Undergrad: 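One structure, as C-alpha cells, below. Some questions next.
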2 protein chains.
Amino acid sequence: MSSRNAGRQPKYQRIAAELRAAIEAGEYGPGERLPGENDLMATYEVARMTARQALGVLQAEGVVEARKGAGVFVRDFRPIRRRGIERLAHAGWGEGRSVWATDAEGRELAVDLVEVHEGDAPPVIAGVLDLADGSRVCIRRRRYTLDGKPVLLATSYLAADLVSGTPITRPDTGPGGIYARLAELGRKPVRFREEIRSRMPNADEVERLELPSGVPVVLVARTAFDAEGAAVEVNDMVLDSSAYVLEYGFEA
Amino acid sequence: MSSRNAGRQPKYQRIAAELRAAIEAGEYGPGERLPGENDLMATYEVARMTARQALGVLQAEGVVEARKGAGVFVRDFRPIRRRGIERLAHAGWGEGRSVWATDAEGRELAVDLVEVHEGDAPPVIAGVLDLADGSRVCIRRRRYTLDGKPVLLATSYLAADLVSGTPITRPDTGPGGIYARLAELGRKPVRFREEIRSRMPNADEVERLELPSGVPVVLVARTAFDAEGAAVEVNDMVLDSSAYVLEYGFEA
DNA sequence: CTTCACTACTTCTCTAGAGATGTAGAAGCG
DNA sequence: CGCTTCTACATCTCTAGAGAAGTAGTGAAG
C-alpha cells in the first residue's frame with residue numbers, strides 16, 4: 001500500500017478521533033456544519049473513501065449526521081421524560097434534581113397514525129396473555145409525534161374475546177382510553193410490568209421513526225394485569241432513543 | 001461509473017437485504033458463518049469495497065459480527081434480566097410470562113475490577129446530591145462480568161463528608177454493601193429513582209465492555225434517597241444492551 | 001414579487017487494484 | 001504426544017479516480 005499510518009491506529013480512526021475531540025471541545029456546536037469529505041481529503045491528504053470512513057465512524061456513534069448535498073452536521077440531544085410512575089399521580093416522587101436534563105415538559109405528544117384490526121396472536125403475545133396458540137387478538141397500532149417528528153411506535157394486543165364489540169376495537173376509544181374501557185368490563189388494570197431493552201433499529205423502524213443512522217431504539221414491553229393477576233393487555237413500544245429518557249421509582 | 005443498480009436502491013443495500021432475509025429465514029443460525037467479502041465479490045460481481053459496505057450494514061445493525069481472519073458470523077442474543085423491583089423481596093410481582101426470553105437465572109454476576117478514590121464531584125453529580133460545586137466525593141468504580149464477558153460498568157458517587165473513614169471508602173465494603181453502611185450512618189436509602197437512556201458507546205466504553213460494533217449501551221442512572229428525601233448516592237451504570245433486559249413493575 | 005432554470009458544491013455509490021494483519025488448520029519437529 | 005512453524009485464507013486499510021444525485025443560492029424570466 002499505502003496504508004502505513006504514523007501512529008498505531010488506522011488513519012480514519014485518527015481523523016475521527018480528532019473531529020470527535022473538536023466537537024467535545026465545543027469547536028462545533030449542535031447543528032453546526034463540520035469539515036466534509038472534500039475538506040478532510042485536502043487537510044489530511046487521504047483518498048475520498050478514507051475521509052468517508054472517518055465520517056462514518058462519527059455517524060455510527062450518532063455524534064454527527066450527514067445531509068446529502070448539504071454537508072455533515074453535529075447532532076444534538078434534547079430528550080423528553082417518560083415516567084413509569086407518577087403519571088398516575090404518585091406525588092412526592094422524583095424529588096431532587098435529575099441526572100439528565102430534559103426539555104420543558106410543555107411539549108406534548110400527538111398521535112399521528114392509528115390503525116386497529118383483528119388478527120392472530122403472535123406466539124409470544126399469546127403466551128403472555130395466556131391464550132391458546134393462534135387465538136384472535138385486537139391489535140392497535142399508534143404512532144406518536146413530538147413537534148412533527150415521530151418518536152414512538154406503540155402496538156397493543158388485547159384478547160379478541162374480551163374486547164370485541166367495545167370501543168376498544170375502534171380508532172377512537174373514548175374518554176379515558178382503553179384502560180377506562182377495560183375497567184367498565186370489570187378488568188381494570190391495577191399493576192404494570194415494563195420490560196426494557198435496546199438495539200439498533202431494523203429498516204422498517206428506521207423508516208417509520210425517520211431515524212438517522214447511529215441512533216438505537218429502546219423497546220418497552222408493558223404488560224397490564226387486572227386485580228386477579230391476569231394479563232389483559234400487552235403494549236409493545238419502540239422508542240427513538242434520542243428522544244426519550246425513561247424514569248422509574250421504587251421503594252426499598 | 002459504474003453505479004447503475006438494477007432495482008432502485010444501491011447494490012450494497014440490496015446485497016445486505018438478501019443476507020438479512022436469509023438470516024431471518026434461518027438459513028444461517030446463531031454463530032454460523034456466512035458468505036464473506038470474497039464470496040460476495042464473486043456471486044454478485046462487485047468490487048471489494050462494495051461487498052464490505054453490504055456487510056457493514058449488517059454489522060451496524062448488530063445482526064452479524066466480523067472476526068478478522070476468520071469470517072463473518074451471525075450474532076445471537078441471550079440477555080439476563082435485571083429487576084428494579086423484586087430484588088428487594090417484593091413477592092407477588094412479575095407473575096405471568098415475559099415478553100423476552102431470558103437465560104436461566106443461574107448465571108451470576110461477578111465483580112471484575114474495583115477502584116475507589118476521592119475526587120471532585122462532576123457538576124451534574126454535585127447538583128443531584130445537592131452539594132456545592134467542586135465538593136469532594138467518594139467515587140467507586142466497578143466492572144461486572146458474566147461468564148467472563150464484561151457486561152456492566154458502575155460508578156457510584158457519595159459525598160466525601162458523609163462516608164470518609166467508613167468502609168465505603170475501601171474496596172471491600174463488608175456484608176450488605178454500601179447500603180448497609182449507609183444505614184449504620186443513619187442515612188438508609190428507602191427510595192430509588194432510575195433514569196434510563198440509550199445511545200451508541202464511545203471508544204472508551206467499547207474497550208472496557210469489549211463491545212462488538214453495532215451494539216448500543218443502556219445508561220441507567222440510579223439515585224438513592226434517604227427517609228428525609230435527600231439524595232445520598234448516585235450510581236451511574238453503563239450496560240451492554242445485548243446482555244440485559246431491564247424490568248420494572250408498578251401499580252396504577 | 002414570484003417562479004424557474006442554472007450552477008457550484010455537497011454527499012453517495014462504485015470500481016479495480018494492493019499491501020497489512022489476524023486466524024486456523026496442516027505440517028513438521030522434539 | 002505436545003509444541004512450534006508454516007501457509008492458505010480471511011478481513012482490514014487505503015488509493016485514485018469518476019459518475020449519480022441532492023441542496024442551496026443566483027439571476028433571469030414572467
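Numbered from 1 within each chain, the chains take letters A, B, ... in sequence-line order. A quick note: this is a predicted structure, and the numbers were derived from the prediction, not measured.
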Undergrad: Glu45(B) has an atom CD; how far is it from atom P of dA16(C), in whole Å?
TA: 10 Å

Undergrad: What integer distance in Å separates Lys68(B):NZ from dT11(D):P?
TA: 12 Å

Undergrad: Report yes or no: does Ser242(A) contribute a side-chain atom to a donor-acceptor pair with the main-chain N or O of Phe77(A) at less than 3.5 Å?
TA: no

Undergrad: Kindly point out which of dT13(C), dT15(D), dC12(D) is positioned nearest to the side chain of Val46(A)?
TA: dT15(D)

Undergrad: Restricting to non-hydrogen atoms, name the atom on Glu37(B) and the atom on Leu55(B) that form the minimum distance, rounded to 0.1 Å.
TA: N-CD1, 3.8 Å

Undergrad: Does Tyr12(A) place a side-chain N or O at less than 4.0 Å from the phosphate oxygens OP1/OP2 of dC14(D)?
TA: no

Undergrad: Would you call Glu205(A) and Arg199(A) a salt bridge, taking side-chain N to carboxylate O under 4.0 Å as the test?
TA: yes

Undergrad: Once you round it to whole Å, what is the distance between C1' of dC14(D) and CD of Glu37(B)?
TA: 13 Å

Undergrad: Please state whether the phosphate of dC9(D), meaning OP1 or OP2, lies under 4.0 angstrom from any side-chain nitrogen or oxygen of Asn38(B).
TA: no

Undergrad: So, are Lys149(B) and Asp240(B) salt-bridged, with charged N and O less than 4.0 Å apart?
TA: yes

Undergrad: Please pick, from dT15(D), dT11(C), dT23(C), the nucleotide with the shortest atom-to-atom distance to any side-chain atom of Ala70(B).
TA: dT23(C)

Undergrad: OP1 or OP2 of dT15(C) versus the side-chain N and O atoms of Lys11(B): is any pair under 4.0 Å?
TA: yes

Undergrad: So, OP1 or OP2 of dC12(D): does either fall under 4.0 Å of a side-chain N or O from Arg52(B)?
TA: yes

Undergrad: Please report how far the helix from dC1(C)-dG30(D) to dG30(C)-dC1(D) bends, comparing the axis fitted to its first five pairs with the axis fitted to its last five, to the nearest 10 degrees.
TA: 20°

Undergrad: Starting from the 5' end of DNA chain D, give me the residue, Val72(B) or Ala51(A), whose nearest nucleotide shows up first.
TA: Val72(B)

Undergrad: Nearest-Å distance, CZ (Arg48(A)) to P (dG17(C))?
TA: 21 Å

Undergrad: Specify the residue among Arg67(A) and Met49(A) whose closest nucleotide of DNA chain D lies further upstream toward the 5′ end.
TA: Met49(A)

Undergrad: Salt bridge check: are Arg193(A) and Glu195(A) linked by an N-O gap of less than 4.0 Å?
TA: yes

Undergrad: Of the nucleotides dC12(D), dA16(D), dA16(C), which one has an atom closest to the side chain of Ala47(B)?
TA: dA16(C)

Undergrad: Quick one: is Thr50(A) getting a side-chain N or O under 4.0 Å of the dT15(D) phosphate, OP1 or OP2?
TA: yes

Undergrad: Less than 3.5 Å apart, any donor N or O on the side chain of Arg140(B) or Asn235(B) sitting next to an acceptor on the other?
TA: no

Undergrad: For Met41(A) and dA18(D), give me the distance from atom CE to atom P, rounded to whole Å.
TA: 12 Å

Undergrad: I'd like to know whether Arg20(B) forms a salt bridge (Lys or Arg N to Asp or Glu O under 4.0 Å) with Glu24(B), so could you lay out the CA-CA distance, the side-chain angles of the two residues, the decisive distance to 0.1 Å, and finally the verdict.
TA: CA-CA 6 Å; Arg20(B) 198 187 298 112; Glu24(B) 279 164 15; 5.3 Å; no

Undergrad: When the distance from CD of Glu65(A) to P of dT11(C) is rounded to whole Å, what number comes out?
TA: 13 Å

Undergrad: Grab the CD-P distance between Gln13(A) and dT21(C) for me, whole Å please.
TA: 15 Å

Undergrad: Starting at CD of Gln53(A) and ending at C1' of dC12(C), how long is that distance when rounded to a whole Å?
TA: 15 Å

Undergrad: I would like to know whether Ser241(A) and Ser198(B) meet side-chain hydrogen bond (donor to acceptor under 3.5 Å, both in side chains); could you show each step before the answer?
TA: CA-CA 6 Å; Ser241(A) 69; Ser198(B) 173; 4.7 Å; no

